[in-house]
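Keep in mind it's a predicted model, so treat the numbers as computed, not measured. The chains referred to below are lettered A, B, ... by the order of the sequence lines, with proteins before strands, and numbering in each begins at 1.
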2 protein chains.
Amino acid sequence: MAKPHRQHCPVARMLNIVGDHWTWLIVREAFYGVSRFSEFERNTGIAKNLLADRLARLVEDGIFEKRDIGERGTRHAYRLTEKGESLHTVLIAMVQWGNDHIYPDGKVPLTIIERASGKPIKRLQLTSHDGAPLSRFDLAVLPGPGAGRAVRQRLSQISEKS
Amino acid sequence: MAKPHRQHCPVARMLNIVGDHWTWLIVREAFYGVSRFSEFERNTGIAKNLLADRLARLVEDGIFEKRDIGERGTRHAYRLTEKGESLHTVLIAMVQWGNDHIYPDGKVPLTIIERASGKPIKRLQLTSHDGAPLSRFDLAVLPGPGAGRAVRQRLSQISEKS
DNA sequence: TGAATTCGGTTGCGATTTGAAACCAATAGG
DNA sequence: CCTATTGGTTTCAAATCGCAACCGAATTCA
């Protein structure tokens with residue numbers, strides 16, 4: 001794949017793990033319940049060598065866990081770890097964006113509903129600490145506890161401008 | 001870049017537009033207020049030829065809009081369209097995931113706060129139509145108004161399993 | 001008014017990655 | 001015991017990446 005990003009930025013660092021488009025299709029399949037190599041292959045259309053490579057990386061990065069099945073087996077199940085499971089919010093954000101902006105006339109291929117009520121879920125919304133909805137213009141980005149010199153400098157430049 | 005995905009899936013289709021890791025760094029910069037070619041270049045570390053390619057694609061896909069500045073200008077500003085702006089939720093989801101899973105001991109490089117209160121924003125949460133928080137196990141995926149045969153078949157296979 | 005620098009690219013090139021296919025050993029299923 | 005499936009690895013051509021060089025127009029500097 002590509003050269004890893006060295007920036008101390010959660011987005012850049014996340015992209016080192018899940019910055020590949022095949023990876024997201026693999027993760028999507030995992031949330032559909034897929035766990036076997038051949039199923040990932042069939043459902044995404046990825047080439048075998050790439051699938052093997054991506055799965056190995058994802059296991060190494062702690063997104064998937066590889067378990068043997070069948071006792072004396074060369075058969076495996078790839079299951080999402082908790083770290084992997086928590087990608088769910090990002091995936092849903094992607095689905096919602098795709099549904100909003102790709103299909104004309106609301107002719108979306110799939111809708112996500114709450115099982116219990118049968119009604120569609122709400123769109124993901126940024127909210128303040130007390131739950132009030134926020135737009136991106138209500139936000140500011142501050143250096144966190146782990147911010148180094150570079151990050152601090154960068155963020156101060158931004159706040160100057162605005 | 002890669003061959004586009006042909007699946008009728010919002011995730012796959014979105015990845016055709018923003019499935020590249022550089023693209024997300026460019027979008028990140030745009031949300032920081034960056035609009036000029038040279039600034040994108042400096043702040044992301046991307047090569048000039050790739051930046052030119054990515055920006056052209058993003059303009060074509062309606063994520064950015066390219067405006068001339070300086071009257072008789074070979075100088076341009078790349079600004080997010082509304083379609084581009086709405087990627088914000090996805091980006092925030094990525095930031096939150098990165099902050100949660102990449103930095104040990106909560107030593108995150110940046111925190112996102114509400115400007116008005118100075119307090120950190122809430123984590124993005126899936127909610128039902130009436131606002132109750134949901135986990136991914138509370139959800140079901142149904143074919144939408146634009147679902148074709150392939151999607152229907154696929155989704156019915158999934159519901160069989162669970 | 002020149003001279004130097006910046007901006008927004010394009011071109012060329014070697015190194016890396018991709019995608020498709022062929023191949024393969026082990027095992028499960030009938 | 002035979003066949004198909006699983007989970008890969010290998011091979012190879014084509015595409016892409018990343019880096020550096022170059023470039024014309026325009027802006028800034030002296």
Side-chain angles (χ1 to χ4, degrees), chain A residues 1-7 12 15-26 29-30 33-61 63-79 157 161, chain B residues 1-7 12 15-26 29-30 33-61 63-79 157 161:
Chain A
M1 279 206 322
K3 226 180 83 169
H5 299 288
R6 272 159 243 290
Q7 293 178 138
L15 291 169
N16 287 339
I17 301 175
V18 289
D20 178 72
H21 59 117
W22 286 122
T23 296
W24 280 104
L25 293 193
I26 294 167
E29 289 306 309
V34 164
S35 68
R36 304 292 294 276
F37 188 94
S38 54
E39 285 179 298
F40 286 117
E41 196 187 348
R42 257 196 305 281
N43 295 336
T44 63
I46 192 175
K48 278 163 168 277
N49 52 346
L50 297 186
L51 179 55
D53 174 82
R54 296 300 185 275
L55 284 173
R57 286 176 198 259
L58 287 166
V59 168
E60 185 168 2
D61 290 331
I63 305 297
F64 281 98
E65 181 185 19
K66 184 179 187 175
R67 278 187 230 165
D68 289 7
I69 47 181
E71 290 307 324
R72 67 187 110 283
T74 55
R75 261 136 239 225
H76 318 293
Y78 294 90
R79 304 212 160 274
Q157 283 166 8
K161 287 210 232 167
Chain B
M1 283 210 317
K3 222 174 88 163
H5 300 288
R6 273 160 242 288
Q7 292 177 136
L15 290 170
N16 289 338
I17 300 175
V18 289
D20 177 71
H21 59 117
W22 287 122
T23 295
W24 280 105
L25 293 194
I26 293 167
E29 290 304 311
V34 165
S35 69
R36 303 291 296 274
F37 188 94
S38 54
E39 286 180 297
F40 286 118
E41 196 188 348
R42 257 195 305 282
N43 295 336
T44 62
I46 192 175
K48 278 164 169 279
N49 55 345
L50 297 187
L51 178 56
D53 175 83
R54 294 303 185 273
L55 284 173
R57 285 175 197 261
L58 287 167
V59 167
E60 186 168 3
D61 289 332
I63 305 297
F64 281 98
E65 182 186 15
K66 185 179 187 174
R67 277 188 231 165
D68 289 7
I69 46 180
E71 289 308 322
R72 65 186 110 282
T74 55
R75 262 136 237 228
H76 318 292
Y78 294 91
R79 304 214 159 275
Q157 281 166 8
K161 286 202 195 169

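With respect to the salt-bridge test (charged N to carboxylate O, under 4.0 angstrom), the residues B:Asp61 and B:Arg57 do not qualify.
The distance between atom NE2 of A:His21 and atom C1' of D:dA15, rounded to the nearest whole Å, is 12 Å. Distance, A:Asp68 CG to D:dT6 P: 17 Å, rounded to whole Å. The interatomic distance linking A:Glu39 (CD) with D:dG8 (C1') rounds to 16 Å, in whole Å. Distance, A:Ile69 CD1 to C:dA26 P: 19 Å, rounded to whole Å. With rounding to whole Å, B:Leu50 atom CG is found 15 Å from C:dT11 atom P. C:dT18 atom P lies 7 Å from atom CG of A:Asp53, rounded to whole Å. Between B:Ile46 atom CD1 and C:dT10 atom P there is a gap of 14 Å when expressed in whole angstrom units. If you take CG of B:Leu25 and P of D:dC17, they are 14 Å apart, rounded to a whole angstrom.
Nearest nucleotide to the A:Ala47 side chain, out of D:dT9, D:dA26, C:dG19: C:dG19. The side chain of A:Ser38 approaches D:dT6 more closely than any other nucleotide in the set D:dT6, C:dG9, D:dT11. Comparing D:dG18, D:dT6, D:dG7 by their nearest atom to the side chain of A:Phe37 picks out D:dG7. Set against C:dG19, D:dT6, C:dT11, the side chain of A:Arg75 has D:dT6 as its closest nucleotide. Considering only side-chain atoms of B:Asn49, the nucleotide from C:dG9, D:dC19, D:dG8 that sits closest is D:dC19.
To the nearest 0.5 Å, the span separating OG on B:Ser35 from CZ on B:Phe64 amounts to 9.5 Å. In this structure, the separation between CG on B:Leu55 and CD on B:Glu41 is 10.5 Å, given to the nearest 0.5 Å.
Distances shorter than 4.0 Å separate none of the side-chain N or O atoms of B:Trp22 from OP1 or OP2 on D:dC17. Between B:Lys66 and C:dG9 there is a side-chain polar atom (N or O) within less than 4.0 angstrom of OP1 or OP2. Considering only side-chain N and O atoms, A:Arg36 lies nowhere under 4.0 angstrom from the phosphate OP1 or OP2 of D:dG8. The side chain of A:Arg54 contributes an N or O atom lying less than 4.0 Å from OP1 or OP2 of C:dT18.
Checking B:Asp68 against B:His76 by side-chain atom types alone, a donor-acceptor pair falls below 3.5 Å.
B:Arg75 is linked by a salt bridge (Lys or Arg N to Asp or Glu O under 4.0 Å) to nothing, counting only residues two or more places apart in sequence or in another chain.
Judged by closest nucleotide on DNA chain C, A:Lys3 is the one of A:Lys3 and B:Lys3 placed further toward the 5' end. If A:Met1 and A:Lys48 are placed on DNA chain C by their nearest nucleotide, the residue sitting closer to the 5' end is A:Met1.
Among the heavy atoms of the strands lying under 4.0 Å from A:Tyr78 are primed sugar atoms or P, OP1, OP2 only; no base atom is included.
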